[in-house]
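Take a look at the structure below.
Convention: sequence-line order gives letters A, B, ...; per-chain numbering from 1.
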Number of protein chains: 2
Amino acid sequence: MDIHPAIGRVIRRFETRAPLTDLDLAAIRALPFTYRTLDAAAYLIREGEPPENCALLLSGFAYRHKVTGEGERQILSVHMTGEFLDMQNSFLDVADHNVQALTRMEVALVPVPALRRLVETHPLVGRAMWIDTLIDSAIFREWIVNVGRRDALSRLAHLLCEFALRLEAAGLAADRRYELPMTQEQLADATGLTAVHINRVLKELGRLGLITRDKRAVEIIDWDRLRSVGDFSARYLHIDGGTPTVLAPAR
Amino acid sequence: MDIHPAIGRVIRRFETRAPLTDLDLAAIRALPFTYRTLDAAAYLIREGEPPENCALLLSGFAYRHKVTGEGERQILSVHMTGEFLDMQNSFLDVADHNVQALTRMEVALVPVPALRRLVETHPLVGRAMWIDTLIDSAIFREWIVNVGRRDALSRLAHLLCEFALRLEAAGLAADRRYELPMTQEQLADATGLTAVHINRVLKELGRLGLITRDKRAVEIIDWDRLRSVGDFSARYLHIDGGTPTVLAPAR
DNA sequence: CGCAGTAACTAACATATGTTAGGTATGGTG
DNA sequence: CACCATACCTAACATATGTTAGTTACTGCG
């Protein structure tokens, strides 16, 4: 059985987070994946449901969100090719938020019990996955700051910086250019603003010469100023990963 | 060596999250704790520092926060007796936020390498801790929603509901009465508002007959309405914990 | 007991962002 | 190619929350 490139990508990321053995790697590859394609807007899991599968994103984008009692949506995070979706829910009893396809996407599903068995029998894989979820947490924390304490222009600039760096770190973009597969309404829901205001602020970023946009393609013209307007520091992304005090064995 | 009651509390919580063996419990008790008392406002860890210790809160309250480039503070979470502070940082290279004492507090410090060894040799302890951090994440997500999509009255009501339930679940409060050791400025920093507005909204909650306050003591008068004003659902707290598909062995 | 520092509280005024209500472009589909 | 749905865009107006600037009430300490 040949292995999907996105799975290789995940394995490489895990290796930066914990010193995995060949047995660990084999155990990951041997997971009982089932492959599936989802249309944009399809739900992977809904709030209130018990999590049955954990999905590895093979292509496309997904996002997490919650809806308030007033019917307002808040996007909690956006996920891209090569990321494990829903370790956040898989070890808890009930999903506390929704995970939905942002674009058409391919996933490899792993039944939750198989995932639990894997991490029990392979503690280092467990640690790599744990670190993955800790980095998710770090991003959640930064989003609290973004939404709680920055004005609209900064919020959006910050979001654009984050995507640029995460996409580049994942090898999905380069040269500060990328496809941002989100509507203005979705950008609003990610920043705690309204679509109308996102529109104003997006133009403002253009007028200031920080970015250009053509449809969903974003190009960052002046990274330093965008970064400064967005009060952005990459530290919270922990792009170089996990636990430097334990080095992976040479191979 | 007698064991501190807060450590017993943690162990009991962990047992609801993974089926721990006597060996696991012994390993937790055998951690090289060093005890320390910190004054209110003392820092446990600062953003940018490499994490050296992971602290177990034996008494008192702590909080996490970040400060923006504009100098505005955003509180990210509040922690109470019996919680492990800083597993969020301990498995990453550099702390991406500050952890500070909210009140005078006692902690038991565990050196990070000892903690890492523990979870490698005792995978079930690792899983219990992982689940703890996943619940932290769930709370972070709810705070994104709170700050991003609820108005000031709801935000504060939501926060008060969360504290009531978490304190009660930890056995630190009962009858919807508790000490909330936060100034109005801190409440503002936790909700993304200003102290002036917190003051207005706090009075409004009193006027509406939802709560009373005397100094730092909060009493919830009308839980159902407070809950409804705060758009509060306890699901995200995962109070009954982790992984019900695997039951702890009878003892 | 008085002082100093911190926290609580208030009022008048300012503004960033939301709301409403549309018009215009775009892209997919029969 | 025409239609429909969706996304984008804009203007005028509304408002929740912020800002400034101060007064008052505690609390701990010398």
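Taking the ring centroids of B/H79 and B/F163, they lie at or beyond the 6.0 Å cut-off. Between A/Y236 and A/H238, the ring center distance fails the sub-6.0 Å criterion.
Using cut-offs of 30° and 60° for the angle between ring planes, the B/W223 and B/F232 rings count as perpendicular.
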N/O to N/O distances under 3.5 Å, protein versus nucleotides 21-29 of chain D:
unit_1	atom_1	unit_2	atom_2	d
D/dT27	OP1	B/K215	NZ	3.3

Give me the distances for all protein-to-nucleotides 3-7 of chain D N/O pairs that come in under 3.5 Å?
unit_1	atom_1	unit_2	atom_2	d
D/dA7	O3'	A/R216	NH2	3.3

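Protein chain B touches strand DNA chain C; the 5'-most and 3'-most nucleotides with an atom under 4.0 angstrom of its non-hydrogen atoms are C/dA7 to C/dA12.
Of the charged side-chain nitrogens involved, none lies within less than 4.0 Å of a carboxylate oxygen, so that A/E70 and B/R149 do not count as a salt-bridged pair. Taking 4.0 Å as the cut-off between side-chain N and carboxylate O, B/E162 and B/R166 count as a salt-bridged pair. Under 4.0 Å is where a charged nitrogen must lie from a carboxylate oxygen, and between A/R13 and A/D132 at least one such pair does. Contact check on A/E179 versus A/R216 returns no salt bridge, with no Lys/Arg side-chain nitrogen under 4.0 Å from an Asp/Glu carboxylate oxygen.
A side-chain donor-acceptor contact under 3.5 Å links A/S90 to the backbone of A/D86. Between the side chain of A/E168 and the backbone N or O of A/L165, no donor-acceptor pair lies under 3.5 Å. At least one donor-acceptor pair under 3.5 Å links the side chain of B/R9 to the backbone N or O of B/A170. The main-chain N or O of A/L208 is found under 3.5 Å from a side-chain atom of A/R225 such that the two form a donor-acceptor pair.
Donor-acceptor pairing under 3.5 Å is recorded for the side chains of A/E142 and A/H158. For the residue pair B/D136 and B/T133, no side-chain donor N or O sits within less than 3.5 Å of a side-chain acceptor on the partner. Inspection of the B/T81 and B/S59 side chains reveals no N or O donor paired with an N or O acceptor under 3.5 Å.
For the helix from C/dC1-D/dG30 to C/dG30-D/dC1, the end axes, each set by the C1' atoms of five terminal pairs, are bent relative to each other by 40° (nearest 10°).
Near-neighbour residues of DNA chain D inside residues 140-157 of chain A, defined by a heavy atom below 4.0 Å, are absent.
For A/E72 and B/N199, each mapped to the nucleotide of DNA chain C holding its nearest heavy atom, the one lying further toward the 5' end belongs to B/N199. Between A/L193 and B/A195, the residue anchored closer to the 5' end of DNA chain C is B/A195, taking for each the nucleotide with the nearest heavy atom.
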Show the atom names and distances, to 0.1 Å, of all donor-acceptor pairs under 3.5 Å that link a side chain in residues 39-56 of chain A to residues at least two apart or in another chain.
unit_1	atom_1	unit_2	atom_2	d
A/D39	OD1	A/R104	NH1	2.2
A/E47	OE2	B/R235	NH2	3.4
A/E49	OE1	A/R46	N	3.4

